[in-house]
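Just below is one structure, and these are the notes that go with it.
Everything numeric in this text was worked out from a predicted model, so none of it was measured. Throughout, protein chains are lettered first and strands after them, A, B, ... in sequence-line order, and every chain is numbered starting at 1.
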Amino acid sequence: MIRTAWLVAVKDLRIEQRSRVLLWQVLPFGVMALVLSGLALGPTHAGHSSAGPGLFYLVMLLVALLMINRSQVIEGSPGTRASVATLGLDPAGVFLGKALALAVELWLTGLVLLGGAVLVLHTALAGTLSALPSVVVTLGALAAAGTLYGALTGGGQGPVTLLPVLSLPAFAPLLIAGERSFSAALHGGALWRWWLISLVALVAYLGIGILLYGVLEES
Amino acid sequence: MIRTAWLVAVKDLRIEQRSRVLLWQVLPFGVMALVLSGLALGPTHAGHSSAGPGLFYLVMLLVALLMINRSQVIEGSPGTRASVATLGLDPAGVFLGKALALAVELWLTGLVLLGGAVLVLHTALAGTLSALPSVVVTLGALAAAGTLYGALTGGGQGPVTLLPVLSLPAFAPLLIAGERSFSAALHGGALWRWWLISLVALVAYLGIGILLYGVLEES
Amino acid sequence: MSSPSPEVTLRDAVVLVGGFPLLSGVNLDLAPSSLTVVTGANGAGKTSLLRLLAGLVTLSSGAGVVAGVDLKGDLRELRRRVGWLGHEGSFYDDLSASENLVFAAKALARPTGEVASVLERVGLSSRAATSAKQLSAGQRRRLGLAWLLLRRPALWLLDEPYASLDDDGRTFFDQLIGDVVDSGATVVVSAHDPLRSRTLAPRTITLAGGLVVADRS
Amino acid sequence: MSSPSPEVTLRDAVVLVGGFPLLSGVNLDLAPSSLTVVTGANGAGKTSLLRLLAGLVTLSSGAGVVAGVDLKGDLRELRRRVGWLGHEGSFYDDLSASENLVFAAKALARPTGEVASVLERVGLSSRAATSAKQLSAGQRRRLGLAWLLLRRPALWLLDEPYASLDDDGRTFFDQLIGDVVDSGATVVVSAHDPLRSRTLAPRTITLAGGLVVADRS
Amino acid sequence: MMKLLSQRLLGPVTLVLLALTFWLGLWVTPPDKVQGNLARLLYVHPAVAWVALYLSFGTATIASALYLWKRSRSVVMDRVAHCAMEVSLVFIILTLITGSIWGRPAWGVWWAWDARLTSTAILGVFAVGYLALRRANDDFELQARRSAVVAILAAINVPIIHFSVQWWKTLHQGASVFTPGGNFKVHGIMLTTLFISLAAFTLLFFWLLRERYRVEVLREERQRVSLDEALAQRRREGVH
Ligand code: HEM
Ligand SMILES: Nc1ncnc2c1ncn2[C@@H]1O[C@H](COP(=O)(O)OP(=O)(O)OP(=O)(O)O)[C@@H](O)[C@H]1O
Ligand SMILES: Nc1ncnc2c1ncn2[C@@H]1O[C@H](COP(=O)(O)OP(=O)(O)OP(=O)(O)O)[C@@H](O)[C@H]1O
Ligand SMILES: [Mg+2]
Ligand SMILES: [Mg+2]
């Protein structure tokens, strides 16, 4: 399982690195979206640093949608799926590998956007740093859940637009938990409780993925 | 030109209607995004109806990104593009047709989401109604600009993630103008000035599209 | 060979994509109303040559005139004059076979009444209402042919038209290009098999390494 | 005909997709270590039959056992035992030819040293570093074959392998399936042309309307 | 025998209980001191919400899990899950509507950023997503498996959403509106009516589910007839 996971993760990251989608497309999109949502709210709302965590997670969510989509697109045409299916890879390993690759990409993007939040949305630097562990866990959970939902909607080229509908309700609690613990880190408060929720979600999604990913694969 | 535009618009809308992507995927996504961005901001910010117009346009923007993407996906594989290219359709007509189809879809979605904003974000009903003409024009401009940028990034399957990066800076002014005139309609103010900006943008994008769409088409 | 104004003229045509020369200096003259078969090993450049003639890739160096259009000039005009049948499907996957053809007919300002008869000719009448993505490989190829039959272009560029056509389909196809050439159009076909019909006497051009290495009438 | 345990057994196999019967009741027994050619008109159901045998579509009614796996049972296990070469490419477009094969080799826990020799065999050594999406149609087909050579499955399912292969490719291919059958594997090929090699004497099955209508050894 | 009886009686009993609920709710129970006649929504809204959130969504989830479990993998379970999810969507929408109608005069707004409201809406989107997924693919098997997984994934979110209610409230006071004890004096008759309404809507759920299931079976049967036709036609393609 671990070997398969590693193989798949390396393959996904290599394709990503070759196409440079992360660097040239996803990151600028994230920065842009951060600035724009600030704009959309007008100076009264966005100026407050209290909106920072919420906006950060909102943007991360949008970025995650893009990347989940991409993580399915690189699985290629139906023909590719058919032949890869005949390799008989362990589905649990495939799930872990894809989730890992996605998590790595989300962590990189998150790091950059946290910097952006400090600069643009005036979130306090110290608080942001102390929120880091919770951000890592939350984004990890997002990656695990996203990989599951990606497999659900992947395959044909039709249902790509289905991904947001299916996954957004699942991401909502993650969003809330992340936002809360980030806010708590900024303004003091029960950081650990929210952090724990993200952790539970991460473990739950990983568990479900390992158990059920095989069921989802293209038949 | 008009004949071609009509032909293309009907084709796009028929494909859309057949796949029911709008009804089952885009609309729920829009509703969800509205709810989620409310959540991300927390009750203090989202509760204010003053955030309504901004959030409405932010969500419309995301919806538009999905639909522009889809509007390019239905143009099909490179093979399809090649043969359609040999039909020698008037590019100005193609542009107008695709923009029209996109506008129709955006208007429908906008109508539903305005209802959602009234219910969920407490924007006043009367003000929302009086903002309708400006919303129509702004979404039209979004459709025209979106069609242009869609053609820029369409084609290969790679650059799908490129669309947001390229188009967001162009959409930002539209977003601001729309938000301002919506806010003005709600709280009184210089409604017409912002409305005019949207109108100018609409005309400008239509003009640019009619002139330059041919240059953008798959070579 | 070189009749009044050749339909295709290429001089040292080079096509570069991503720094790799798909064609490395092709010289070629094709007479109007002729049939030409392009052969060559896998990766020799057949598809690339046809794409160049269709105006789907740009000329990197050298010169060329196709169907009266300079390859350095208005490629849209060129595309309007040629018909192209590629490896992949060439229609909207979500529309049915007949809807695809109706779209093409309308775009060409052709009467939509022709659609039914064209479908009949390529043997797809029973699949008129099936969406293009559900058609079998050979049926997709046939739909591509139907699209060309509606178009009736002056220059036909067909990339391995035989692939995945059944016996009937190939016979029909051979008849078709016979008719097409007789009616004055020019046909360029890439193929690995020789044409079956004995009545057609095509000129055969062999490519290798992006160059013309043999030319036999 | 029916040796101890046939490699493929189908009884009244029906495959429905979206309410349309791709296969409408196929009965078939294939002996292990045999070569079978499936022919039939366009849309007859050849691709559908091969996809069913590969475990890529589910059986709607009827019964079947392929490579020892019940078609109503664990399709993943079945897929692990078969090799599939389809119309479309069967690899990651963004990876190079050799990276694709290295991935497959690692997934199969095969030594990656084999990759170079396999590339050599299918004649792609000079394109080892070219990304799969830039390969020509025939080169993609060859890469698909290379992938299968690494896999060495018990049951080979090849959908129109000849299409877009050049002369050398076809000769190589005929040799290859000869070797494969000799080594004990079962091969099912769909084709519109008869096989060229005279030394191979395949059983030929003809499909029409989703049914087997002729069977000739 | 019992089965037959319950089948016969389900519909009538449901109707009787619903009628009783309306009679009690509209005429027998007194109007509320604060809210007046509006408080009569108490006999509809909570019961509808109970059916939507727990009864029908729960049924769909359990049926989905049973479908995925190898030994009980059956079309029946898939059908039950599908039908229950449809019923659930209807009741979620009803919850939102009755809640909004109640909320408008009670709080002055149609919608508030309360965790319970939001989570209900989110669950509604889940149901829509589930139904959308069901129509996104031709392959029946794949469809059934995928949607079963979605139902289960949606279900793990229910507890998360449920707990977030309390957490949200503790952090944002003032958003909490659900204090029936403060707004209502629950008299004996009101409490009885409340329970009767719960029973009535519970039965209504089972009735609707059964009817929907029957329609589904009929639809599939009709499909099977057209299927035989399609098979015959497909076979004829072979003979020229
Ligand atoms: C759109 C608005 C509303 C929605 C979406 C909504 C949703 C719900 C849901 C999902 C439940 C079930 C909770 C559970 O059993 O765990 C519920 C129960 C209930 N709701 Fe609402 N509701 C709304 C508005 C209102 C309003 C305006 C009132 C009264 C002023 C109200 C009063 C109640 C009461 C009394 C219960 C039952 C007791 C309880 O469990 O709290 N609801 N509602
Ligand atoms: N970036 C690249 N690097 C190396 N080689 C490339 C690159 N892009 C394209 N090629 C090569 O260019 C050639 C393109 O040939 P083309 O598709 O025209 O071949 P063809 O004659 O149609 O072959 P086939 O018979 O297989 O269809 C192939 O050999 C391909 O490998
Ligand atoms: N929804 C549908 N409605 C009508 N016909 C359909 C539908 N889906 C598939 N088909 C038909 O099912 C058949 C599928 O056949 P298949 O792809 O197996 O053919 P094949 O024998 O491989 O043909 P080819 O030689 O062209 O590759 C085609 O005739 C196709 O038109
Ligand atoms: Mg080629
Ligand atoms: Mg086929």
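- For CZ of E:R219, the number of neighbouring non-hydrogen atoms (other residues, nucleotides, ligands) closer than 6.0 Å is greater than 12.
- Rounding to the nearest 0.5 angstrom, the gap separating the CG atom in A:L211 from the CG atom in E:L68 is 11.0 Å.
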Would you please test E:L153 and A:L152 for side chain to side chain contact (heavy atoms under 4.5 Å, CB included) and show each step? CA-CA 11 Å; E:L153 282 174; A:L152 268 172; 4.1 Å; yes
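- Heavy-atom distances place no part of A:L168 under 4.5 Å from chain E, backbone and side chain included.
- For chain E, the nearby parts of A:L166 are the backbone and the side chain; heavy atoms of each come within less than 4.5 Å.
- Sequence neighbours left out, the pairs with a member in residues 135-146 of chain A that pass side-chain hydrogen bond (donor to acceptor under 3.5 Å, both in side chains) are A:T138-A:S198.
- The shortest non-hydrogen separation linking E:F126 to A:A170 is CZ-N, 3.7 Å.
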